[in-house]
Amino acid sequence: MDESFVALIFQHEELVLLDQRVLPTSLEYVHCKTYQDVEFAIRDMVVRGAPAIGASAAYGVYLAAKAHEDEPSFLAALTFLGNARPTAVNLAWAIKRMKGVYDQEKKGGRTHLLEALLSEAHEIRSEDICTNKEMSRIGSRVVPQGATILTHCNTGALATAGWGTALGVIKQAHYDGKDIFVYADETRPRLQGARLTAWELVEAKIPSRLIADSAAATLIRDGKIDLVILGGDRVAANGDVANKLGTFSLSVIAKAYGVPFYSVVPVSTIDFAISDGSKIPIEERDASEVTHVGSVQVAPTEIGVYNPAFDVTPHQNITGIITERGIIYPPFGENIERLRRGETL
Ligand code: MRU
């Protein structure tokens with residue numbers, strides 16, 4: 001059963017995005033008419049989540065080609081778009097794929113080029129939905145009947161072009177009749193769990209509870225969690241996973257208490273060129289995300305703030321990485337190399 005809302009669609013020459021800054025109290029759409037609007041939407045997190053950022057950027061590339069007939073200005077626009085957020089590799093991946101189409105089709109004339117770019121962006125969007133469905137089918141196998149699952153951040157239809165990655169697996173298990181129960185971390189500081197995942201869980205009618213991030217350790221220690229399933233923003237060639245801040249500490253606790261820990265990512269989230277997680281750029285965001293909750297100030301603004309948006313979970317803490325081409329188990333380096341060579345696991 002697909003979701004009842006559309007979070008990302010290109011129509012009438014605009015990228016229309018459900019504004020994730022104001023959910024769940026307001027349902028508002030932002031209309032991106034230019035690639036600068038798309039860059040802002042990614043940077044300001046109107047749209048967020050690695051695959052959704054990638055799909056949005058693809059439309060941004062199309063809008064950049066529409067705006068700039070000359071190649072140097074077009075390339076500068078791609079650099080501008082690519083710098084919107086540094087951690088999720090899907091942004092660079094989508095821009096590179098669109099640039100490949102540009103290089104191949106630019107000799108065919110402007111109308112042909114723009115048609116080819118728009119059709120590739122549509123393809124990236126629809127492929128992502130198919131990929132998510134396939135990952136969910138594969139991932140549902142690791143979810144035992146009656147499982148209680150802990151998840152972090154938002155990995156659902158809002159974070160992708162549709163359906164979701166980790167939340168896609170959870171929805172699939174639910175629709176397969178597995179009688180699951182979900183604990184969703186609120187995910188400070190931006191509360192993607194509270195504002196977005198809780199909303200998607202309610203929409204999908206999945207039995208669930210929202211918890212403060214710090215409650216997760218107690219639930220795991222007390223044997224109340226059967227498995228942890230979450231997403232990923234960039235996977236290194238050795239299986240280290242960068243994901244929303246708080247993922248690393250969950251992985252340490254899950255490992256200490258023998259709870260299986262899965263990351264769900266499309267192959268486009270694997271950065272084969274990065275050997276290990278220490279090389280993944282980690283975005284640091286504005287201090288106000290920590291000193292304020294929404295628009296309410298909760299700390300003195302004079303205090304210094306450290307606000308990394310992501311952390312890196314070492315592959316040693318991960319049970320498996322679920323992709324559309326199978327589940328990557330240890331030895332991660334070897335199996336990721338098999339994926340790179342085009343094999344299915
Ligand atoms: O800062 P965000 O909200 O873009 O971070 C999103 C996450 O960390 C998700 O877990 C990740 O992108 C996977 S989404 C399918």
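Order of appearance sets the numbers: ligands from 1, and atoms from 1 within every ligand. Just so you know, these numbers use all the heavy atoms, side chains as well, and skip hydrogens, waters and symmetry mates.
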*Could an N or O of ligand 1 be found under 3.5 Å from any N or O of Gly49, whether backbone or side chain?*
yes
Polar-atom distance check: Phe310 versus ligand 1, any N or O pair below 3.5 Å? no
heavy-atom search around atom 7 (C) of ligand 1 in the protein gives Asp233 OD1, 3.2 Å
Notebook entry, point to check: Could Arg97 and Glu123 be called an ion pair, given the rule that one side-chain N must be under 4.0 Å from one carboxylate O?
Noted result: no
Exercise for the section: Check the pair Asp2 / Lys133 against salt bridge (Lys or Arg N to Asp or Glu O under 4.0 Å), numbers first and verdict last. Expected result: CA-CA 10 Å; Asp2 286 342; Lys133 295 271 170 83; 2.9 Å; yes
The atoms of ligand 1 lying under 4.0 Å from a heavy atom of Met45, numbered in the order shown, are 1 (O), 2 (P), 3 (O)
Of all heavy-atom pairs linking Asp128 and Ala161, the shortest is OD2-N, 2.8 Å
Heavy atom of Ala309, distance to ligand 1 below 4.0 Å
no
Counting distance only, does the side-chain N/O of Ser136 pair as donor-acceptor with the main-chain N or O of Gly168 below 3.5 Å?
yes
Taking only non-hydrogen atoms of Gln192 and a 4.0 Å limit, the atoms of ligand 1 in range are 1 (O), 2 (P), 3 (O)
Exercise. Can we say Arg341 and Glu337 salt-bridge, meaning some charged N sits less than 4.0 Å from an Asp/Glu carboxylate O?
Worked result: yes
Practice task
Answer yes or no: does an N/O atom from Asn243 fall short of 3.5 Å to an N/O atom of ligand 1?
Solution key: yes
Looking at Arg48, Lys244, Arg234, the heavy atom closest to atom 1 (O) of ligand 1 belongs to Lys244
*Asp176/Arg137 ion pair, N-O < 4.0 Å*: no
Between Asp271 and Arg234 (salt bridge meaning N to carboxylate O under 4.0 Å), is one present in this structure?
yes
Could you establish whether Arg85 and ligand 1 come within less than 4.0 Å of each other, counting only heavy atoms on the residue side? yes
Note to self: Measuring from non-hydrogen atoms of Pro51 to any atom of ligand 1, is the shortest distance under 4.0 Å?
What the structure shows: yes
Next on the checklist: I'd like to know whether ligand 1 has Leu230 as a neighbour, heavy-atom separation below 4.0 Å.
Outcome noted: no
Donor-acceptor pair, distance only, cut-off 3.5 Å: does the side chain of Arg195 make one with the backbone of Leu23? yes
Candidates Ala159, Gly193, Gly232, Cys153; heavy atom nearest atom 13 (C) of ligand 1 found on Gly232
Of all heavy-atom pairs linking Thr160 and Gly156, the shortest is OG1-O, 3.1 Å
One finds that the ligand 1 atoms under 4.0 Å from a non-hydrogen atom of Thr165 are 15 (C)
